[in-house]
Structures are given as C-alpha cells and as structure tokens.
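Report on the structure given below.
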Amino acid sequence: MIDLRSDTVSKPTIEMRNIIKNAEVGDDVIGDDFTVKNLENEAAKITGKESALYVPSGTMGNLIALLVHCLIKKVAIVGSESHILWHEGLGATQFGGIHLLPVDNASDGTFLHEQLLNIINDSVGKPGVICLENTHNRCGGSVIDEDYINQVSDFAKSINAAVHMDGARIFNAATALDCNVIDLVKNVDSVSFCFSKGLGAPIGSVLCGSTNFIQQSRSVRRTLGGGMRQAGIIASAASYALKNNIKRLKDDHGNAKLLAGGLSKIKGIYINEKVVQTNIVYFSVKEINGDKFVDELNKQGLLVSQPKGTQEIRAVTHLNISSQDIKESLEIISSVTQKLLKV
Ligand SMILES: Cc1ncc(COP(=O)(O)O)c(C=O)c1O
C-alpha cells in the first residue's frame with residue numbers, strides 16, 4: 001500500500017525504535033523525566049523561545065495556548081480555514097468559553113487584511129490572541145513568510161493581543177522558505193509544532209513561548225489531563241526526529257512537486273500545480289464520482305484522503321514515501337481516472 005492520506009501515517013524507523021528502547025525515563029509530571037526535559041530544551045532552542053512544554057498532540061498545544069492567551073479577553077481571531085476552527089472540536093469554546101472569531105483566509109493562508117481590521121472594530125469583545133497557521137493545511141500546505149508574520153505581530157501589538165502560531169508543520173515552512181524557524185517565529189508570542197507529522201515521530205507536539213507563558217501552560221496541561229508520566233519513551237523519538245528528520249523534508253517537497261507535475265498531465269484531473277509549496281497536494285476529479293475514485297485507488301493499492309461526497313482529493317508526502325512510490329501512484333491515478341471517465 002502507498003499511503004498518501006497524511007504525513008501523520010508515517011511509522012517510526014528501526015533507528016528511531018532503537019532510541020525508544022533505550023530511552024532514559026522518569027515521572028515527568030513531577031519533573032523527573034530527563035528525556036522530556038532535554039526535548040523541551042531543544043524545542044525552546046530551535047524556536048528561539050525561553051521555554052517549551054511537551055504535549056500529547058497539536059490539538060492540545062493549540063488549546064492550551066488559547067486558554068492561556070485568552071484568560072481575560074475571551075476572543076481568539078482565527079482563520080476561516082484554520083485547523084483550530086475546523087478540526088479541533090472547538091475545544092477553546094467548550095473548555096474556556098472563548099469565542100473563535102473567524103477572519104477569511106486568502107488562498108495562501110494569510111488573512112484578508114481589511115476584514116481583520118473591520119472585525120476588530122466591530123467585535124464587542126477585544127481579542128486576546130490572533131492565530132496564524134504555518135504551513136496552512138486547508139490552504140494546500142501554503143507557507144507564510146517572515147514579513148507577513150511580522151506585519152500581523154505589529155498589528156496584534158497595536159491592539160494589545162498576543163500572536164499564536166499553529167506551526168504543526170513549521171519546519172516544512174522554514175524548508176520551503178529556506179530560512180531559520182527562529183526568524184519565522186521571533187515576533188510571535190507562542191508557537192506549537194508537531195513531531196508526529198513530517199518529522200516522523202509517533203506521538204507528541206510542543207508548545208514554546210516565554211517562561212511565564214509556559215509555566216501557566218504546564219498547569220493548564222495538568223488540568224486537561226495532558227500530564228504524561230514516563231513520557232521519555234516517546235520524547236526520545238521526538239528528539240531523534242528533531243536531529244535527523246528536518247533536512248530530509250525537502251525530499252517530501254520534491255516528491256509533492258513530482259506528484260503535482262504528473263497529475264497536471266492526466267486528463268480528468270484538475271490541479272493548480274503552482275500552489276504546491278510543501279508536502280500537501282490538493283486536486284480534484286470534476287467529472288468523476290469522488291467516493292468511487294478513492295475506492296478504486298484503494299483497491300489498486302493507493303490511499304488518499306477526501307471529505308466523503310466531494311471531488312476534492314488530498315495527498316501528502318512523508319518519510320515513508322519515495323519518488324518511486326510517487327511514480328507508481330501516478331500510474332494508478334492515471335489508469336483509475338481513464339477507467340472511470342469511460343463509465
Ligand atoms: C495545521 C494543523 N494544526 C494542528 C493539528 C493537530 O495535530 P494533532 O493531530 O496532533 O492533534 C494538525 C493535524 O493534522 C494540523 O494539520
């Protein structure tokens with residue numbers, strides 16, 4: 001099976017499993033796990049923040065950030081296409097009474113700036129935080145650059161709001177921009193990123209920010225049941241991923257471009273090849289039933305993701321996918337498309 005459903009499906013390599021086997025562990029909730037502490041220090045260093053907190057998932061990292069930033073001002077500005085708004089169970093609203101105020105995302109993951117200004121003038125409550133997403137999942141893995149991030153940060157300062165970056169795939173963004181993560185996040189107050197996506201670790205994310213912010217976040221993590229005991233078992237894999245799997249992200253981006261280029265040549269497949277900047281590829285099959293298309297790919301040994309009932313397909317490259325897999329995927333997609341176009 002070639003699995004392009006998400007970069008979350010990648011499996012730990014033998015080397016990573018050996019690291020896990022030998023991990024030094026302790027009870028992290030009482031501060032005894034050296035491997036977790038080490039990982040948190042590495043994450044703080046690589047993002048240029050004072051401190052970091054290991055959390056079970058990207059969703060929990062974002063939730064904690066919103067709960068801390070919006071302790072008093074109960075409004076969070078989020079993109080209309082953001083993961084926080086669509087895929088995280090509205091946790092900030094459910095558990096923190098925080099109103100998620102959406103501002104339209106442009107197709108590149110930025111905000112429609114005029115709408116951002118207007119919404120803030122019109123909103124009754126003042127926002128505690130503005131949330132950015134980089135890379136932007138629902139906007140095709142698009143990347144937002146330092147200049148744009150700084151522009152939003154300056155604006156946030158002017159209205160006394162914090163900026164949180166959902167950087168689940170921040171290393172993909174830095175790779176695509178050929179820049180340092182520190183530069184990308186230096187003017188945001190907090191950033192979360194995931195070890196279990198392109199970096200290829202099995203579990204976990206991290207939230208980074210000031211010492212004071214992380215102290216508060218640690219206490220919120222406990223409340224949410226996110227304190228993990230001998231978490232060094234999984235943190236060791238995350239540390240390994242930070243050391244070994246960042247440089248290779250460019251291979252995933254190359255494979256995504258290879259896929260997009262090949263798709264653009266298949267009759268019946270619709271794709272804007274130029275939009276593909278990182279490891280996420282969206283395309284559509286306008287004349288074919290999307291559910292049938294995905295079922296048929298599945299039967300031929302290729303998994304992709306698709307919101308049921310739609311003709312929108314998403315394919316994501318990751319560390320278990322080679323350029324040969326992409327070539328085979330294109331052959332499968334081409335033969336399935338031609339077959340279904342005839343029906
Ligand atoms: C942009 C973005 N943010 C946050 C998350 C949530 O991460 P997790 O699945 O670890 O909760 C995801 C997951 O796909 C994501 O794509």
Side-chain angles (χ1 to χ4, degrees), residues 3-12 39 43 47 52-67 76 78-92 94-95 100 102 105 108-111 129-144 149 163-176 181 184-185 188 190-208 217 220-221 224-226 228 231 234-235 237-238 241 249 252 256 277-282 304-307 314-319:
D3 196 343
L4 297 178
R5 285 172 301 171
S6 175
D7 46 9
T8 56
V9 302
S10 66
K11 305 225 170 90
L39 174 69
T47 55
L53 178 73
Y54 189 44
V55 290
S57 65
T59 300
M60 190 182 284
N62 287 335
L63 174 58
I64 294 173
L66 265 64
L67 292 173
V78 294
S80 58
E81 293 301 323
S82 64
H83 197 276
I84 291 178
L85 185 65
W86 281 83
H87 303 295
E88 300 186 8
L90 300 177
Q94 296 208 51
F95 307 124
L100 297 180
N105 278 126
D108 63 358
T110 59
F111 291 122
V129 68
I130 300 178
C131 301
L132 290 167
E133 185 174 319
N134 204 13
T135 67
H136 202 293
N137 188 347
R138 291 173 64 89
C139 291
S142 58
V143 167
I144 52 173
I149 296 163
V163 176
H164 170 66
M165 182 175 290
D166 173 358
R169 297 183 180 82
I170 193 71
F171 291 100
N172 293 86
T175 301
V181 165
L184 274 186
V185 303
V188 306
S190 58
V191 55
S192 55
F193 70 83
C194 298
F195 298 108
S196 59
K197 300 196 165 65
L199 298 184
I203 306 165
S205 293
V206 71
L207 179 61
C208 310
S217 297
V220 175
R221 183 187 70 173
L224 295 174
M228 299 180 283
I234 48 174
L249 290 174
D252 295 345
Q277 291 178 286
T278 57
N279 67 331
I280 299 179
V281 179
Y282 279 96
V304 293
S305 66
Q306 166 237 16
R314 176 180 180 260
V316 185
T317 56
H318 52 83
L319 99 175

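Every number for a ligand or one of its atoms is a count from 1 in the order of the listing.
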### Query
Are any of the N/O atoms in Asn137 less than 3.5 Å from those in ligand 1?
yes
### Query
Does the His318 side chain pair with the main chain of Asp3, one donor and one acceptor, at a distance under 3.5 Å?
yes
### Summary
Atoms of ligand 1 under 4.0 Å from any heavy atom of Ser57, numbered from 1 in the order shown, are 10 (O), 11 (O)
### Summary
The answer for which part of Arg169 has a heavy atom under 4.0 Å from ligand 1 is side chain
### Task
Can you measure from SG (Cys139) to CG (Asn134) and round to the nearest 0.5 angstrom?
11.0 Å
### Query
Got a donor-acceptor contact below 3.5 angstrom from the Ser192 side chain to the Asp166 backbone?
no
### Query
For atom 1 (C) of ligand 1, what is the nearest protein heavy atom, given as residue, atom name and distance?
Glu133 OE2, 3.3 Å
### Summary
So CZ of Phe193 and CG of Leu207: to nearest 0.5 Å the spacing works out to 10.5 Å
#### Entry: Qualifying residue, where the test is side chain to side chain donor-acceptor pair (under 3.5 Å) with Asn137 and the options are His87, Arg314, Glu81
Arg314
### Message
Within this structure, what is the CG-NE2 distance for the pair Leu66 and His164, rounded to the nearest 0.5 Å?
### Response
6.5 Å
### Message
Suppose we measure from atom 7 (O) of ligand 1 to each protein heavy atom; which comes out shortest, and what is that distance?
### Response
Lys197 NZ, 2.9 Å
### Message
At under 4.0 Å between heavy atoms, is it the side chain or the backbone of Asp166 that contacts ligand 1, or both, or neither?
### Response
side chain
### From His83, His136, Glu88, His87 - option closest to atom 2 (C) of ligand 1 by heavy atom
His83
### Task
State whether the shortest distance between N or O atoms of Thr59 and N or O atoms of ligand 1 falls below 3.5 angstrom.
yes
### Message
Is there a polar contact between ligand 1 and Gly58, counting only N or O atoms under 3.5 Å apart?
### Response
yes
### Query
Hey, what do you get for CD1 (Ile170) to CG (Leu184), rounding to the nearest 0.5 Å?
5.0 Å
